[in-house]
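In the text below, chain A, chain B and the rest are named by the order of the sequence lines, each starting its count at 1.
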There are 2 protein chains.
Amino acid sequence: MDDAKEKSTQQPVDVQVPAAVVSRLSLYLRELQELVRAGQETTNSTQLGKKLGFTDAQVRKDLAYFGQFGYPGIGYRCEELIPAIKRILGTDRSWPVAVVGLGNLGRALLGYRGFDEQGFRVVAAFDVDPDQLQQDVDSVETFHLDRLSEVVKEKAIRLGIIAVPAAAAQEVATKLVDAGVDGVLNFAPVTLALPDHVSRVGVDLAIELEQLSFAVVNRPENP
Amino acid sequence: MDDAKEKSTQQPVDVQVPAAVVSRLSLYLRELQELVRAGQETTNSTQLGKKLGFTDAQVRKDLAYFGQFGYPGIGYRCEELIPAIKRILGTDRSWPVAVVGLGNLGRALLGYRGFDEQGFRVVAAFDVDPDQLQQDVDSVETFHLDRLSEVVKEKAIRLGIIAVPAAAAQEVATKLVDAGVDGVLNFAPVTLALPDHVSRVGVDLAIELEQLSFAVVNRPENP
DNA sequence: TAGATTGTTAATCGATTAACAATC
DNA sequence: TAGATTGTTAATCGATTAACAATC
């Protein structure tokens, strides 16, 4: 407001940012990365909004929470906005991540290429079944759950992914938190009770399908 | 309003229900199912809200979109509310579902127990790689993508899950829609361009971790 | 009956959209 | 310069919360 030339505000934000804004930020990042792959150098709020189904005003407002990234008359330079959003999301670094649970889903996550591309490195996987711990999976080292705390500390892991059956999820979550993890991504279909200082994101695969089924059943015309 | 004794309003809703309400509905359902497993017969808006981090008023308001399910002075009877919510979500039936993509994630989805438990049956899986089509996977029949339309019709599939690489996702989505599918659950990290009448839910695993990383980095005290 | 808890209305809060001066 | 598009303020819209009469 004083120094209009100052671009981007770096690091954590003081005003409380709505979760909806943060999730759109990730979508903007994804689109920008695709635009770069398509060879586009600049974009603007109208184009970005159209691709994602948002208004241009919303795109500009969302970005304005974090600083000034655009150029009036031009739009946004992809190669500038991408690192800016990464910095905001905290993915301008590479986060070491632990996966707990070596069932089908856990194994799929160990092999998921998208994580590395976006700043996450699965560096350890845990299970309680010795049969699952015979060798590395997708070149990720595997450990017995008993060694969680030790390995989390050694590898400076701050994020944990829970891919165990529902019945085990709370116990695993508690162990992750006791081990010092700051955030958990939970794929088990249960609500975790955890201290407030731990960040949580939940993905319930069946719930995603339920949302789809509701949308299909409640479509304008067509019960 | 006239007939106060009339419980539940059955079938599709006339007023446009916010997406946030629908996703909370799924959470209520999940909690209710857990309460039943724990032997609890009734619950109330305060208990439900506390477990999920919502106010009691919100729980009541959400349910009130769809009818009257509770008993003043008592609360909600789990065994009554569960089927009521299922009817609203459209999961009072079993939906045949197709999974496209037999990579790690697709295979994990074929084996996912949670789907059946919530009213979804994966009845066909597709890929373009003949090596992946040698035999059934988790007792789900596999087909070449070329046979998508044929199989979708034959098995009356209305929901499709996209678990292919980003580069193939749009093409697969279009094929699903052409085959007559009404909704798609997309795990590929791309925004799909599809006709408006097709319902969409997107899950981007890297984005989920980004949301977590943002939360961790922007926690009150601790940059 | 007294106590508990609903469904619903009104009040508050927050998020989205529209509009436009600033500016590249 | 004229045209395009930003950042931001004000107006609108929608969702959440508080409060309470109705009622089990």
Side-chain angles (χ1 to χ4, degrees), chain A residues 1-9 13-25 27-28 32 35 40-78 80-81 84-85 88, chain B residues 1-9 13-25 27-28 32 35 40-78 80-81 84-85 88:
Chain A
M1 215 175 252
D2 304 311
D3 182 7
K5 277 277 146 294
E6 180 205 346
K7 289 269 165 188
S8 101
T9 49
V13 185
D14 25 61
V15 288
Q16 182 38 39
V17 182
V21 172
V22 184
S23 78
R24 286 193 298 265
L25 223 47
L27 295 174
Y28 301 149
L32 286 161
L35 286 171
Q40 207 174 309
E41 295 194 346
T42 69
T43 183
N44 57 63
S45 56
T46 306
Q47 180 179 45
L48 234 28
K50 223 165 240 150
K51 282 185 186 282
L52 291 162
F54 308 141
T55 64
D56 57 330
Q58 177 144 74
V59 174
R60 295 197 299 279
K61 195 93 204 296
D62 285 345
L63 294 172
Y65 269 97
F66 306 97
Q68 306 195 148
F69 305 104
Y71 301 88
I74 308 286
Y76 302 93
R77 303 197 207 282
C78 301
E80 260 178 33
L81 189 50
I85 295 181
I88 295 163
Chain B
M1 219 173 250
D2 306 311
D3 182 4
K5 275 282 147 291
E6 179 203 348
K7 287 269 167 189
S8 100
T9 48
V13 185
D14 25 62
V15 290
Q16 186 31 44
V17 182
V21 171
V22 184
S23 79
R24 287 194 297 266
L25 223 46
L27 295 173
Y28 301 149
L32 286 160
L35 286 171
Q40 207 174 311
E41 296 193 345
T42 69
T43 183
N44 56 62
S45 55
T46 306
Q47 182 181 43
L48 233 29
K50 222 165 241 151
K51 283 184 185 283
L52 291 162
F54 308 141
T55 64
D56 58 329
Q58 178 144 73
V59 174
R60 294 197 300 278
K61 196 90 201 300
D62 285 345
L63 294 172
Y65 269 97
F66 305 97
Q68 305 194 148
F69 305 104
Y71 301 88
I74 310 285
Y76 302 94
R77 302 198 207 284
C78 301
E80 263 177 31
L81 189 50
I85 295 181
I88 295 164

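For A:T42, the side-chain contact (heavy atoms from CB on, under 4.5 Å) partners are A:I74, A:R77, not counting sequence neighbours. Residues passing the side-chain hydrogen bond (donor to acceptor under 3.5 Å, both in side chains) test with B:Y28, sequence neighbours excluded: B:D62.
In this structure, the side chains of B:I88 and B:F69 come closer than 4.5 Å at one or more pairs of heavy atoms. At a threshold of 4.5 Å between non-hydrogen side-chain atoms, the residues A:L25 and A:F66 count as touching.
You'll find that the side chain of B:A64 is closest to C:dT8, out of D:dT8, C:dT8, C:dT6. Side-chain proximity of A:K61 to D:dT9, C:dT5, C:dT8: nearest is D:dT9. Of the candidates C:dG7, D:dT8, C:dA15, the closest approach to any side-chain atom of A:P18 belongs to C:dA15. Comparing atom distances between the B:T55 side chain and each of C:dG7, D:dT17, C:dT17 picks out D:dT17 as nearest. Proximity note for A:Q58 (side chain, C-beta onward) versus C:dT17, C:dT5, D:dT16: the nearest is C:dT17.
Here the P atom of nucleotide D:dG7 and the CZ atom of A:F69 are 9 Å apart, to the nearest Å. D:dT5 atom C1' lies 13 Å from atom CZ of A:R77, rounded to whole Å. Between the CG atom of A:D62 and the C1' atom of D:dT8 there is a distance of 14 Å, rounded to whole Å. Computed from coordinates, the B:F54 CZ to D:dT16 C1' distance equals 12 Å when rounded to whole Å. Summarising the geometry, the separation between CZ on B:F66 and C1' on C:dT8 is reported as 16 Å, rounded to the nearest angstrom. The CG-C1' distance, from B:L25 to D:dA15, rounds to 16 Å in whole Å. Atom OH of B:Y28 is separated from atom P of C:dT6 by 12 Å (rounded to the nearest Å).
The nearest pair of heavy atoms linking A:G75 to A:N44 is CA-CB, 4.1 Å. Of all the heavy atoms in B:G70 and B:P72, the pair that sits closest is O-CD, 4.0 Å.
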Result block: side-chain N/O donor-acceptor pairs under 3.5 angstrom for residues 48-58 of chain B, not counting sequence neighbours:
from  : atom 1 : to    : atom 2 : distance (Å)
B:T55 : OG1    : B:Q58 : N      : 3.1
B:D56 : OD2    : B:R60 : NH1    : 3.2

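Contact between the side-chain N/O atoms of B:R24 and the OP1/OP2 oxygens of D:dT16 is found at a separation under 4.0 Å. For the pair B:Q68 and C:dT8, the criterion of a side-chain N or O lying under 4.0 Å from OP1 or OP2 is met. Of the side-chain N and O atoms in A:Y76, none sit less than 4.0 angstrom from OP1 or OP2 of C:dC24. For A:R60 and D:dG7, the shortest distance from a side-chain N or O to OP1 or OP2 is not below 4.0 Å.
For A:E41, the CD atom sits in a loose shell: 12 or fewer heavy atoms of surrounding residues, nucleotides or ligands are nearer than 6.0 Å.
Legend: salt bridge (charged side-chain N to carboxylate O under 4.0 Å, His left out) pairs involving residues 63-73 of chain A, not counting sequence neighbours: none detected.
With rounding to the nearest 0.5 Å, the separation of CZ in A:R24 from CG in A:L63 is 10.0 Å.
Taking a 4.0 Å limit (strictly below) on heavy-atom distances, residues 42-50 of chain B does not reach DNA chain D anywhere.
Between A:I74 and A:A57, the one whose closest nucleotide on DNA chain C sits nearer the 5' end is A:A57.
Helical stems in DNA chain C, defined as runs of 3 or more consecutive Watson-Crick or G-U wobble pairs with both donor-acceptor distances under 3.5 Å, are listed by first residue as C:3-24 with D:3-24.
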